[in-house]
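Down below is the structure, laid out as structure tokens.
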Amino acid sequence: QVQLVESGGGLVQAGGSLALSCAASGRTFGSYAMAWFRQAPGKERDFVAGIAWRAGNTDYADSVKGRFTISRDNAKNAVYLQMNSLKPEDTGVYYCALTPTRYWGDVGGTVPGQYSYWGHGTQVTVSS
């Protein structure tokens, strides 16, 4: 089993920045991709950004490209999300996700069902 714990959420004004962190523990060996999803009230859980074990391979939702940056530290089993130029529509609960992958360069995908493990989420609220 793998446990994921997110941190770093909070309240910020539009145009501001926040940094999220996610620490993985448990059976974290081999190649695995990590990602961030978010869920606004009454809406589905949407993909935000993903990163392969080989950290140069990343993927972003169109809505966050140029504003958010995903990174990871494999030595710490951690993934990060730097969020800049935040907008009110970025508000939601942000979830960290992890899935084993066959190849080091594989990003895990953009669908929640493609991920095996999830954190409990951290709230991000962007005020206008």
Side-chain angles (χ1 to χ4, degrees):
Q1 286 293 330
V2 174
Q3 295 78 43
L4 302 173
V5 178
E6 303 97 335
S7 61
L11 172 64
V12 65
Q13 288 188 330
S17 299
L18 277 177
L20 305 183
S21 299
C22 172
S25 61
R27 294 174 63 84
T28 55
F29 55 85
S31 170
Y32 56 89
M34 300 186 77
W36 290 95
F37 286 75
R38 68 186 179 194
Q39 188 166 19
K43 295 190 176 182
E44 295 183 347
R45 190 170 298 188
D46 292 330
F47 173 79
V48 174
I51 188 165
W53 174 267
R54 187 185 302 154
N57 292 358
T58 58
D59 190 18
Y60 294 92
D62 288 341
S63 60
V64 307
K65 282 181 181 176
R67 301 188 297 123
F68 290 11
T69 302
I70 189 170
S71 60
R72 67 186 289 170
D73 184 335
N74 291 336
K76 297 181 179 180
N77 293 322
V79 65
Y80 310 97
L81 186 68
Q82 177 64 43
M83 305 184 291
N84 299 327
S85 302
L86 282 160
K87 304 175 181 180
E89 51 264 43
D90 294 318
T91 294
V93 178
Y94 281 68
Y95 295 92
C96 175
L98 181 153
T99 190
T101 55
R102 183 172 183 179
Y103 300 108
W104 303 108
D106 286 348
V107 180
T110 63
V111 177
Q114 294 173 295
Y115 290 82
S116 306
Y117 302 99
W118 293 86
H120 293 294
T122 184
Q123 177 70 44
V124 171
T125 303
V126 184
S127 63
S128 57

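Every heavy atom of this structure was used, including side-chain atoms; hydrogens, water molecules and symmetry mates were not. All residue numbers refer to positions in the sequence shown, counting from 1.
- Y60 and V79 fall within a single hydrophobic cluster, where Ile, Leu, Val, Met, Phe, Trp and Tyr side chains are chained together by heavy-atom contacts under 4.5 Å.
- Pairing each heavy atom of V93 with each of G121, the nearest pair is CG1-CA, 3.8 Å.
- F47 has its side chain out of reach of Q114: every pair of non-hydrogen atoms, C-beta onward, lies at least 4.5 Å apart.
- Connection of V2 to W104 is established within a shared hydrophobic cluster, with ILVMFWY side chains joined at heavy-atom distances below 4.5 Å, either directly or through further cluster members.
- In this structure, Y95 is not a member of the same hydrophobic cluster as L81, with clusters built from ILVMFWY side-chain heavy atoms closer than 4.5 Å.
- To the nearest 0.5 angstrom, Y115 atom OH is 7.5 Å from T110 atom OG1.
- When all heavy atoms are compared, the tightest approach of S85 to S17 is N-OG, 4.4 Å.
- Considering only heavy atoms from C-beta on, R38 comes within 4.5 Å of S63 through its side chain.
- Shown here for T122 and G9, the closest heavy-atom pair between the two residues is OG1-N, 3.2 Å.
- Heavy-atom minimum distance, T101 versus S31: OG1-OG, 2.6 Å.
- A salt bridge is defined here as a Lys NZ or Arg NE, NH1 or NH2 lying under 4.0 Å from an Asp or Glu carboxylate O, and K65 with D62 meets this definition.
- Residues L20 and V124 form a side-chain contact, since some pair of their non-hydrogen atoms from C-beta on lies under 4.5 Å apart.
- Cation-pi geometry between R72 and Y32 is met: under 6.0 angstrom from the ring centre, within 45 degrees of the axis.
- Residues L4 and M34 form a side-chain contact, since some pair of their non-hydrogen atoms from C-beta on lies under 4.5 Å apart.
- Of all non-hydrogen atoms in G105 and N57, the two that sit nearest each other are O-ND2, 2.7 Å.
- For the atom pair NZ of K76 and OG of S25, the computed distance is 15.5 Å after rounding to the nearest 0.5 Å.
- Residues Q1 and Q3 share a closest heavy-atom pair of CB-NE2, 3.7 Å.
- Proximity of E6 to Y94: side-chain heavy atoms (C-beta onward) are nowhere separated by under 4.5 Å.
- At a threshold of 4.5 Å between non-hydrogen side-chain atoms, the residues Q123 and T91 count as touching.
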query = Please walk me through it: do R67 and D90 pass side chain to side chain contact (heavy atoms under 4.5 Å, CB included)?
reply = CA-CA 11 Å; R67 301 188 297 123; D90 294 318; 2.8 Å; yes

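- Using a 4.5 Å cut-off on side-chain heavy atoms (C-beta onward), W53 and D106 make no contact.
- Criterion: ILVMFWY side-chain heavy atoms under 4.5 Å apart, direct or through other members. Under it, W118 and V48 are not part of a common hydrophobic cluster.
- C96 has its side chain within reach of W36: a pair of non-hydrogen atoms, C-beta onward, lies under 4.5 Å apart.
- Note that NZ of K87 is 14.0 Å distant from OG of S128, once rounded to the nearest 0.5 Å.
- One distance of note links CG of N84 with OG1 of T69; it measures 6.5 Å at 0.5 Å rounding.
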message = Please evaluate residues L86 and F68 with respect to the criterion side chain to side chain contact (heavy atoms under 4.5 Å, CB included), reporting the C-alpha separation (whole Å), side-chain torsions for both, the decisive distance (0.1 Å), and the verdict.
response = CA-CA 9 Å; L86 282 160; F68 290 11; 3.8 Å; yes

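- In the hydrophobic clustering of this structure, F37 does not group with L18; members are Ile, Leu, Val, Met, Phe, Trp, Tyr whose side-chain heavy atoms approach within less than 4.5 Å, directly or through other members.
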